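Step one of this worksheet: look at the structure below.
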Amino acid sequence: TMWTKGEANSVRIPGENPQAVLSEEPDGVFLKLDLGGHAGEVTARVIHSDILGEAFQPRARFENPDGTGLWIDEDFFGRKRAGEQPLPGPFSDIEGGLEAIRVAE
């Protein structure tokens, strides 16, 4: 299994860096990460249809259902990614060190 039972009401994701723990607490479900001091060192660019090219098997362009170009420019919470080199991954406002991000009520 990919998940292991951690402390009460938590699940540890083994072998992953940054030591992710999913924890159910009275005020919601939190993803707890230990990012050290490296969160701001890695940057990416906003991904869009032109970068993705075509899917291998159908040789079709990655696009929205209405045919417009696909832009992956929002994070997990729907916030627009800022700047020309946003942080990669699902969360756009991670600073580093210990993070506790509420992912569900």
Side-chain angles (χ1 to χ4, degrees):
T1 180
M2 191 172 148
W3 303 88
T4 60
K5 187 75 172 162
E7 54 195 69
N9 298 321
S10 72
V11 176
R12 183 169 302 281
I13 306 167
E16 295 294 322
N17 191 7
Q19 305 303 313
V21 174
L22 194 59
S23 178
E24 184 176 5
E25 299 182 14
D27 54 341
V29 176
F30 289 81
L31 178 61
K32 296 180 179 180
L33 307 169
D34 185 356
L35 300 170
H38 305 291
E41 293 177 12
V42 179
T43 59
R45 58 184 172 168
V46 173
I47 302 300
H48 51 81
S49 295
D50 293 340
I51 291 173
L52 293 172
E54 293 182 341
F56 170 73
Q57 190 63 31
R59 305 288 302 161
R61 182 174 184 260
F62 289 93
E63 57 188 26
N64 291 307
D66 65 0
T68 59
L70 176 66
W71 283 80
I72 304 172
D73 60 349
E74 294 180 353
D75 74 359
F76 177 82
F77 298 107
R79 294 183 293 238
K80 288 285 188 187
R81 296 188 178 275
E84 291 184 23
Q85 293 184 315
L87 289 174
F91 308 110
S92 62
D93 61 351
I94 290 177
E95 295 179 13
L98 296 173
E99 294 275 344
I101 303 162
R102 183 170 34 195
V103 294
E105 297 282 328

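We're numbering straight along the sequence, starting at 1. These numbers were taken from a predicted model, which means no experiment stands behind them.
- Phe62 and Val46 fall into different hydrophobic clusters, defined by Ile, Leu, Val, Met, Phe, Trp and Tyr side-chain heavy atoms under 4.5 Å apart, directly or through other members.
- Under the side-chain hydrogen bond (donor to acceptor under 3.5 Å, both in side chains) criterion, Asp27 pairs with no residue, sequence neighbours left out.
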Would you mind writing out the side-chain donor-acceptor pairs for residues 73-80 within the sub-3.5 Å range, not counting sequence neighbours?
{"residue": "Asp73", "atom": "OD2", "partner": "Lys80", "partner atom": "NZ", "Å": "3.0"}
{"residue": "Asp75", "atom": "OD1", "partner": "Phe77", "partner atom": "N", "Å": "2.9"}
{"residue": "Asp75", "atom": "OD1", "partner": "Gly78", "partner atom": "N", "Å": "3.2"}
{"residue": "Asp75", "atom": "OD1", "partner": "Arg79", "partner atom": "N", "Å": "3.0"}
{"residue": "Asp75", "atom": "OD2", "partner": "Arg79", "partner atom": "NE", "Å": "3.2"}
{"residue": "Asp75", "atom": "OD2", "partner": "Arg79", "partner atom": "NH2", "Å": "3.2"}
{"residue": "Asp75", "atom": "OD2", "partner": "Ser92", "partner atom": "N", "Å": "3.3"}
{"residue": "Asp75", "atom": "OD2", "partner": "Ser92", "partner atom": "OG", "Å": "2.8"}
{"residue": "Arg79", "atom": "NH2", "partner": "Asp93", "partner atom": "OD1", "Å": "3.4"}
{"residue": "Arg79", "atom": "NH2", "partner": "Asp93", "partner atom": "OD2", "Å": "3.4"}

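- Atom-to-atom distance recorded for Trp71:CH2 and Glu63:CD is 14.5 Å, nearest 0.5 angstrom.
- When every heavy atom of Asn64 is checked against every heavy atom of Gly69, the shortest pair comes out as ND2-O, 2.9 Å.
- For the atom pair NE2 (His48) and CG (Leu70), the distance works out to 10.0 Å, reported to the nearest 0.5 Å.
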Could you pull out every donor-acceptor pair under 3.5 Å between side chains of residues 52-61 and any protein atom, sequence neighbours left out?
{"residue": "Glu54", "atom": "OE1", "partner": "Arg59", "partner atom": "NH2", "Å": "3.3"}

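- The minimum heavy-atom distance between Leu31 and Val103, with the atom names listed, is CB-CG1, 4.1 Å.
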